[in-house]
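The structure appears below as structure tokens.
To find a chain, count down the sequence lines: A is the first, B the second, and so on, and within it residues start at 1.
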There are 2 protein chains.
Amino acid sequence: MERFEQTKMEILKKKDKSSIQGIDKPILNLCNLINSKKDYFTTSSCSGRIVLIKDMIKKGPGLFLFRTHEKTSFEELKKELEKAIKETRGTILFKQEPCLVTISTRNLETQRNLFEIARNNGWKKSGIVTTDKKFIFELISTENISLPIAKNSKILLTDEFLKILVEKSNFNLEKSWEKIKRLEKLIEKI
Amino acid sequence: MERFEQTKMEILKKKDKSSIQGIDKPILNLCNLINSKKDYFTTSSCSGRIVLIKDMIKKGPGLFLFRTHEKTSFEELKKELEKAIKETRGTILFKQEPCLVTISTRNLETQRNLFEIARNNGWKKSGIVTTDKKFIFELISTENISLPIAKNSKILLTDEFLKILVEKSNFNLEKSWEKIKRLEKLIEKI
């Protein structure tokens, strides 16, 4: 068995163990599809998410105050914000982050092949992370929102704005999910 | 002369022509330094910026309503916003984007060398964009803000929030400039 196959087997075994929390649903099919191809396997993924995090220079424990891979509502966001400002007086950031998937591939040729397909189909921030002898690349989409939302235990924004923020974030998540579906179709053909 | 040297010479000549508008000042030294190294040349760069843009699905002409590579002030932002909402009734996005530099390099080894240095020094979103026979990579930092700021010719945010937004954006630009300075020192040693 080649080294690539061996690493793939080991990584996929590990994943099974952690799948109680699991890969988030909208990207599960894409990951399975990539893993079914002989030249590729996924090492991490996210279908897009909405989070509240502490604005810290160095990332540390307790960074996340709220995290969801699903669409949110004004009511949910408001409730989570009220909770979060009790937890910290520091600045809290709201972030809607795009879908991403990190892929390990057999060689330079198979890497370039999938990388090009993705880049040309809306995974615009994709990049190759080449470390020593491994061929790893990240496919990342573009939808993103990021702003300070609370400070000194006060919410900085009006309810009216929070509603627009929720609407736009949900729209962006949908766009991420569409891109995932489109990439699935393209990878099926490989 | 090798092909790499020839392309480098041609690209750098072209740059001179466009330098009336010029490379933005905080990243000029870094670009010059990279271009002075025999194995590298820059193909594009940005020291970080603050922009107001139309929220369009397809990017088209007239996208930018305001663009600066310098720190902004509440007064300037407010003035530009008032102008922008007269120009469009659609959603306007505020974005503070991090510093970035795109670099062409001689071969895989020199590419990996500089890429690793940058990744380990805060250029966390860096990626390699390998096309066919060229070795090109982008170094991108992480500071970023992105949110809807106006809609239906109305500013969505309070003056109080706009002031926090300006403060945070200016802080992020400074962080980008520090990263540029730090990278300069590391590249000097190559």
Side-chain angles (χ1 to χ4, degrees), chain A residues 55 57-59 91 93-98 100 102 108-109 111-113 115-116 119 122-133 135-140 142-152 154-169 171-172 175 178, chain B residues 55 57-59 91 93-98 100 102 108-109 111-113 115-116 119 122-133 135-140 142-152 154-169 171-172 175 178:
Chain A
D55 188 16
I57 294 181
K58 285 249 174 236
K59 286 182 186 174
T91 302
L93 304 178
F94 173 98
K95 282 180 187 279
Q96 173 274 313
E97 295 171 323
L100 70 89
T102 312
L108 197 61
E109 201 192 322
Q111 181 183 59
R112 287 185 177 176
N113 192 8
F115 179 63
E116 288 292 323
R119 286 269 290 197
W123 298 72
K124 296 278 178 219
K125 293 203 177 167
S126 301
I128 290 170
V129 188
T130 315
T131 60
D132 281 347
K133 282 166 194 160
F135 295 96
I136 295 175
F137 59 113
E138 292 171 325
L139 306 181
I140 309 179
T142 47
E143 305 75 31
N144 108 83
I145 298 174
S146 175
L147 66 148
I149 195 167
K151 198 179 172 177
N152 298 326
K154 262 184 61 189
I155 299 170
L156 299 171
L157 301 157
T158 61
D159 285 357
E160 191 195 4
F161 183 82
L162 291 182
K163 282 172 191 167
I164 292 170
L165 195 61
V166 165
E167 191 189 349
K168 180 83 182 146
S169 299
F171 177 77
N172 281 359
K175 264 168 71 179
E178 277 166 27
Chain B
D55 189 17
I57 292 180
K58 285 249 174 239
K59 286 181 186 175
T91 301
L93 304 178
F94 173 98
K95 282 181 187 277
Q96 174 274 313
E97 295 172 323
L100 71 89
T102 312
L108 196 60
E109 203 193 322
Q111 181 182 62
R112 285 185 179 178
N113 191 9
F115 178 64
E116 288 292 322
R119 285 271 288 197
W123 298 72
K124 297 280 178 216
K125 293 204 175 167
S126 302
I128 291 169
V129 189
T130 316
T131 59
D132 281 349
K133 281 166 197 161
F135 295 96
I136 295 174
F137 59 114
E138 291 169 327
L139 305 181
I140 309 179
T142 47
E143 305 73 33
N144 108 83
I145 298 173
S146 175
L147 65 149
I149 196 166
K151 198 178 171 175
N152 297 327
K154 259 184 63 187
I155 299 171
L156 299 171
L157 300 158
T158 61
D159 285 357
E160 192 195 4
F161 184 82
L162 291 182
K163 282 172 191 167
I164 293 170
L165 195 61
V166 165
E167 191 190 348
K168 180 81 182 151
S169 299
F171 177 78
N172 282 358
K175 264 169 68 178
E178 277 165 28

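- Using a 4.5 Å cut-off between heavy atoms, A:Glu167 contacts chain B through its side chain alone, with no backbone atom that close.
- Taking the side chain to side chain contact (heavy atoms under 4.5 Å, CB included) definition, one finds that B:Glu160 meets it with A:Lys154, B:Thr158, sequence neighbours left out.
- Taken to the nearest 0.5 Å, the CD1 atom of B:Ile155 stands 12.5 Å off from the CZ atom of A:Phe161.
- Rounded to the nearest 0.5 angstrom, A:Ile145 CD1 and B:Asn144 CG are separated by 11.0 Å.
- A search for side chain to side chain contact (heavy atoms under 4.5 Å, CB included) contacts involving B:Thr102 returns B:Thr43, B:Ser44, B:Leu100, B:Ile136, B:Glu138, not counting sequence neighbours.
- For A:Lys151, the part sitting under 4.5 Å from any heavy atom of chain B is the side chain, from C-beta outward, and nothing else.
- The NZ atom of A:Lys168 sits 6.5 Å away from atom OG1 of B:Thr91, with the distance rounded to the nearest 0.5 Å.
- Nearest heavy-atom pair, B:Pro148 versus A:Ile164, reported as atom, atom and distance to 0.1 Å: CG-CG2, 4.3 Å.
- For B:Leu156, the parts lying under 4.5 angstrom from a heavy atom of chain A are both the backbone and the side chain.
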